[in-house]
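Please read the structure below before turning to the comments.
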Amino acid sequence: MTTQADKDDKFTLNFDASERADRPPQEYYDEIKAKFAEARDLRLGYRPPGTDIYRSLDGEMAELARDPYADDWVEREPIIDSADDLVDVLFIGGGFSALLTSARLREKGVQSIRIVERGADVGGTWYWNRYPGVACDVVSYDYLPLLDEMEYVPSRHYAQGPEIFAHCQAIANKYDLYDLAVFQTTVTSTTWDDEHACWNIITDRGDTMRAKFVVCANGTLAKPRLARIDGMERFAGHAFHTSRWDYDFTGRDLEQLGNVRIGIIGTGASAVQIIPNLGEHAKSVHVFQRTPSSIDIRDDWETKDEWAAKLQPGWQAARRAKIVSKFRAQADKKGTLRTGITREEKIRRQENNNIDAMMRIHKRIDDTVDDPRTAAALKPWYMLMCKRPCFHNDYLPTFNRPNVHLVDTRGQGVNEIGEMGPIFDGVEYEVDLLIYATGFEVQQTGIYNRIVGEGGVDLDEKYDEGIRTLLGVHTAGFPNLFIMGGYQASFQFNLTDLLQVQGDHIANSIQHVREHGYDTIDVTHDAEEWWVQEVIAHRGKTNRNAECTPGYYNFEGQDNRRQDGNYNGGFPAYIDHIDDIEADMDSRFVFTSG
Ligand code: NDP
């Protein structure tokens with residue numbers, strides 16, 4: 001059986017420059033790389049690089065954005081805060097970012113915390129994504145935040161959506177976050193009020209809220225998107241996006257799908273979890289694939305009582321510390337391995353290791369899928385980690401079911417939808433239900449929300465020349481504003497590792513302001529410039545992004561400014577930078593007091 005350590009190794013293969021003794025000849029790898037390039041070029045030949053290939057759930061498709069989970073649309077009077085009646089900290093978004101940062105703020109004695117959230121409850125991703133089979137394939141003991149504080153041990157190695165959503169609600173209850181929370185409300189603008197040293201927050205409910213500090217906690221993949229497809233508005237059947245699952249139509253246990261013909265567009269991580277459930281219940285399922293996902297083994301198990309009973313207080317923090325020290329050791333090993341070999345040689349070895357991993361994924365498909373043509377079509381031809389890897393044990397076998405059909409568009413994608421269903425290669429596939437598994441916009445800071453800082457400067461305008469932050473969290477000219485989960489922060493496969501580190505830092509920054517009797521904190525231009533250069537220095541060392549098939553990991557194949565991405569110096573280095581900054585706040589920030 002694969003152990004957790006093996007699985008972690010799969011994620012780090014990308015950086016593995018060790019050399020196998022029994023390596024096939026280099027020509028073998030070169031041929032595969034040439035096929036990767038062919039597949040990318042084929043895809044780019046159909047659609048240009050960039051995100052213009054996607055659109056929002058608006059206009060004629062606006063109905064798809066409706067929240068199917070809220071019992072009611074709660075009517076309420078607008079909230080109008082006066083200048084001397086303001087909350088301390090306001091979170092835009094009520095997902096993990098807001099919850100784990102609020103917990104830290106409460107520990108530091110912050111009383112008034114308001115979450116403003118579009119959904120009808122906290123939970124963010126886990127509020128919206130309730131499709132059948134929803135689960136997280138990051139190990140639950142690491143992924144669920146605040147397990148020590150909540151004295152909770154997840155029930156499975158990979159937690160399922162409902163358990164994670166319930167955990168979010170439990171955090172909100174424990175830390176009294178429901179008291180001031182405002183749901184079914186979207187922030188439309190956040191404007192700095194210099195005179196009163198606070199933020200004015202306007203919402204789509206006519207609210208004018210005021211807050212001393214604002215945290216953009218709106219999530220990294222929060223806004224559902226649709227592919228731009230001709231004729232989609234004329235489809236006469238039922239349709240929804242994966243993050244707006246219509247259980248009224250499907251039945252709670254999909255029991256209403258027995259006579260339903262389904263089309264699903266997209267084969268990313270959401271679709272991979274959904275399709276086996278559809279295969280089991282629907283009359284027929286047509287899966288419209290543009291690029292296959294890589295599907296690895298998913299080793300899941302129920303948490304053993306004996307194991308849980310042995311956990312000592314602080315066990316999750318200890319696990320996290322161990323993971324960070326493992327990252328440190330890997331970084332050291334990388335340095336050692338590099339000595340004595342050229343940069344080109346190191347990249348060649350890494351790529352060969354990654355190709356080995358992808359060929360193992362291919363073999364799993366051949367071993368599982370009966371029909372050779374379907375098996376061939378399900379094989380991903382790109383380097384490991386070009387796209388988000390998926391883990392599932394039922395996805396591939398589902399294609400052996402007689403009612404499940406793969407429509408492989410070979411990089412082209414669905415370009416047209418008729419009244420009866422998707423059209424490809426001149427065939428209109430007649431379906432009763434069309435599911436858009438087409439993903440989410442990647443966070444633009446302040447998604448849905450216009451942020452205006454000192455001197456009336458719009459954050460989007462400031463970023464016109466490239467993103468400028470310290471740690472991805474602070475941006476000069478926007479005092480008392482903190483950004484979570486956005487660019488210029490360290491990328492972590494387990495996102496909550498990053499969010500916890502950022503949340504702790506934000507809580508420490510706010511505490512610093514309060515303890516010293518300051519009104520505002522703003523990053524200096526020098527500190528911001530230093531971080532921008534740090535981000536640039538650690539990016540673009542290989543051609544990797546350009547060589548990958550398009551996806552949200554590489555900005556859909558578009559060239560981007562070197563500073564407009566993640567900080568790639570490593571998670572331990574990111575943590576060290578935060579520690580250094582917190583040890584000497586005065587040299588990085590300007591503080592004012594009334
Ligand atoms: P993704 O963006 O990953 O997938 C969108 C899918 O739609 C892709 O397969 C894309 O193809 C396809 N697509 C877009 N346009 C067309 C078209 N015109 N015709 C055919 N196919 C099209 O979104 P997901 O919701 O699947 O996942 C988003 C992220 O959420 C994941 O990457 C992951 O980070 C997270 N997640 C994690 C899960 C987990 O822990 N297991 C589960 C679910 C989500 P192409 O690849 O060619 O662009």
Side-chain angles (χ1 to χ4, degrees), residues 39-40 42-44 46-47 49-55 124-126 128-140 142-144 158-161 164 219-232 241-245 263-275 286-296 298 300 378 380-382 385-393 395 406-417 422-424 429 434-443 485 491-496 548-557:
R40 178 208 55 214
L42 182 73
R43 154 75 177 80
L44 282 171
Y46 289 121
R47 299 255 181 160
T51 48
D52 264 2
I53 58 172
Y54 290 105
R55 53 162 290 173
T125 290
W126 301 103
W128 292 107
N129 287 288
R130 303 195 197 187
Y131 56 75
V134 63
C136 181
D137 50 28
V138 175
V139 175
S140 62
D142 301 312
Y143 179 71
L144 270 68
Y158 294 121
Q160 294 174 355
I164 307 176
T220 46
L221 295 167
K223 191 176 177 187
R225 66 182 185 188
L226 298 172
R228 281 187 197 281
I229 304 179
D230 290 343
M232 60 201 303
H241 185 273
T242 53
S243 67
R244 302 287 187 276
W245 196 269
I264 178 163
I265 297 180
T267 49
S270 300
V272 165
Q273 293 185 332
I274 291 167
I275 287 165
H286 281 86
V287 177
F288 294 87
Q289 170 184 275
R290 184 164 66 192
T291 315
S293 281
S294 67
I295 316 289
D296 213 331
R298 186 166 203 273
D300 192 15
L378 285 167
W381 288 98
Y382 48 78
M385 290 298 282
C386 272
K387 279 182 178 281
R388 207 263 189 202
C390 298
F391 302 86
H392 214 285
N393 299 339
Y395 179 73
L406 182 68
V407 183
D408 179 24
T409 69
R410 299 177 296 279
Q412 191 170 351
V414 175
N415 290 322
E416 197 181 349
I417 296 178
I423 300 171
F424 182 71
Y429 292 84
L434 188 53
I435 300 173
Y436 292 103
T438 44
F440 302 85
E441 279 182 24
V442 178
Q443 180 181 160
F491 170 80
Q492 277 311 101
F493 192 78
N494 179 13
L495 181 67
T496 56
C548 276
T549 192
Y552 77 88
Y553 273 18
N554 72 342
F555 318 98
E556 303 296 336

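All ligand and atom numbering here is 1-based and tracks the order in the structure. It should be emphasised that the depicted structure is a prediction, and the values quoted were computed from it without experimental measurement.
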Problem - Sub-4.0 Å heavy-atom contact, E556 with ligand 1 - result: no
Exercise for the section: Have a look at ligand 1 and work out which part of M232, if any, has a heavy atom under 4.0 Å from it: side chain, backbone, both or neither. Expected result: neither
Problem - Non-neighbouring partners of R410 that pass salt bridge (Lys or Arg N to Asp or Glu O under 4.0 Å), sequence neighbours left out - result: D425
Completion exercise
Nearest heavy atom to atom 48 (O) of ligand 1, choosing from R228, H241, R290, R47, belongs to R290
Handout entry: Sub-4.0 Å heavy-atom approach of E441 to ligand 1
Key = no
Fill in the blank from the handout: The atoms of ligand 1 lying under 4.0 Å from a heavy atom of C136, numbered in the order shown, are 40 (O)
Handout entry: Heavy-atom side-chain proximity of Y46 to R290 below 4.5 angstrom
Key = no
Practice task
For atom 47 (O) of ligand 1, grab the closest protein heavy atom and report residue, atom and distance to one decimal in Å.
Solution key: T291 OG1, 2.5 Å
Exercise for the section: Pick one of side chain, backbone, both or neither for how N129 approaches ligand 1, counting any non-hydrogen atom pair under 4.0 Å. Expected result: neither
Exercise for the section: Look at atom 39 (C) of ligand 1 and find which of T242, T220, D137 reaches it with the closest heavy atom. Expected result: D137
Handout entry: Best match, A269, G413, A437: closest heavy atom to atom 36 (N) of ligand 1
Key = A269
Exercise for the section: Look at the rings of F288 and Y429 and say which category their plane angle falls in: under 30° parallel, 30 to 60° tilted, over 60° perpendicular. Expected result: perpendicular
Exercise for the section: Could you check if a side-chain atom of R47 sits within less than 4.5 angstrom of a side-chain atom of N415, using non-hydrogen atoms only? Expected result: yes
Fill in the blank from the handout: Heavy-atom nearest pair, F424 first then T409, reads CZ-CA, 3.4 Å
Exercise for the section: Would you mind checking which non-hydrogen protein atom is closest to atom 30 (O) of ligand 1, with the distance to 0.1 Å? Expected result: L221 CD1, 3.8 Å
Fill in the blank from the handout: Note: Y552, heavy atoms under 4.0 Å from ligand 1, region reported as side chain
Exercise for the section: Evaluate the criterion side-chain contact (heavy atoms from CB on, under 4.5 Å) for residue pair F391 and I295; output intermediate values, then yes/no. Expected result: CA-CA 5 Å; F391 302 86; I295 316 289; over 6 Å; no
Practice task
State whether a side-chain donor-acceptor pair under 3.5 Å links Y131 with Q273.
Solution key: yes
Exercise for the section: Determine whether any heavy atom of Y131 lies closer than 4.0 Å to an atom of ligand 1. Expected result: yes
Problem - ligand 1 to T267 polar contact by distance, N or O atoms, under 3.5 Å - result: yes
Exercise for the section: Go through W128 and R244 one step at a time and tell me if the side-chain contact (heavy atoms from CB on, under 4.5 Å) criterion holds. Expected result: CA-CA 7 Å; W128 292 107; R244 302 287 187 276; 3.0 Å; yes
Exercise for the section: Starting from atom 37 (C) of ligand 1, locate the nearest protein heavy atom and write down its residue, its atom name and how far away it is, to 0.1 Å. Expected result: R388 NH2, 3.7 Å
Exercise for the section: Could you tell me if any non-hydrogen atom of A135 lies under 4.0 Å from any atom of ligand 1? Expected result: yes
Practice task
Would you mind checking which non-hydrogen protein atom is closest to atom 24 (P) of ligand 1, with the distance to 0.1 Å?
Solution key: S270 OG, 3.4 Å
Practice task
Decide yes or no for S243 and F440: does some side-chain heavy atom of the first lie under 4.5 Å from some side-chain heavy atom of the second?
Solution key: yes
Problem - Nearest neighbour in protein (non-hydrogen) for atom 28 (C) of ligand 1 - result: F440 CD1, 4.1 Å
Handout entry: Atom pair OH/CZ of Y382 and R40 - distance to nearest 0.5 Å
Key = 14.5 Å
Practice task
Taking the side chain as every heavy atom from C-beta outward, state whether I164 and Y143 have any atom pair closer than 4.5 Å.
Solution key: yes
Handout entry: Protein residue, atom and distance nearest to atom 15 (N) of ligand 1, heavy-atom basis
Key = A227 CB, 3.3 Å
Problem - Within-4.5 Å side-chain heavy-atom neighbours: I265 and I417 - result: yes
Handout entry: Contact (N/O only, under 3.5 Å) between V414 and ligand 1
Key = yes
Fill in the blank from the handout: Among non-hydrogen protein atoms, atom 4 (O) of ligand 1 lies closest to G268 CA, 3.7 Å
Practice task
May I ask whether Y54 has any heavy atom positioned less than 4.0 angstrom from an atom of ligand 1?
Solution key: yes
Problem - Minimum heavy-atom distance between Y552 and V442, given as atom pair plus value - result: CB-CG2, 3.7 Å
Problem - For R55, salt bridge (Lys or Arg N to Asp or Glu O under 4.0 Å) partners two or more places apart - result: D58
Practice task
Kindly identify the option in V138, I229, I265 whose heavy atom sits closest to atom 22 (C) of ligand 1.
Solution key: I265
Practice task
Give the residue and atom name of whichever protein heavy atom lies nearest to atom 23 (O) of ligand 1, and the separation in Å to one decimal.
Solution key: G439 CA, 3.1 Å
Fill in the blank from the handout: Nearest heavy atom to atom 46 (O) of ligand 1, choosing from Q412, Q273, K387, R43, belongs to K387
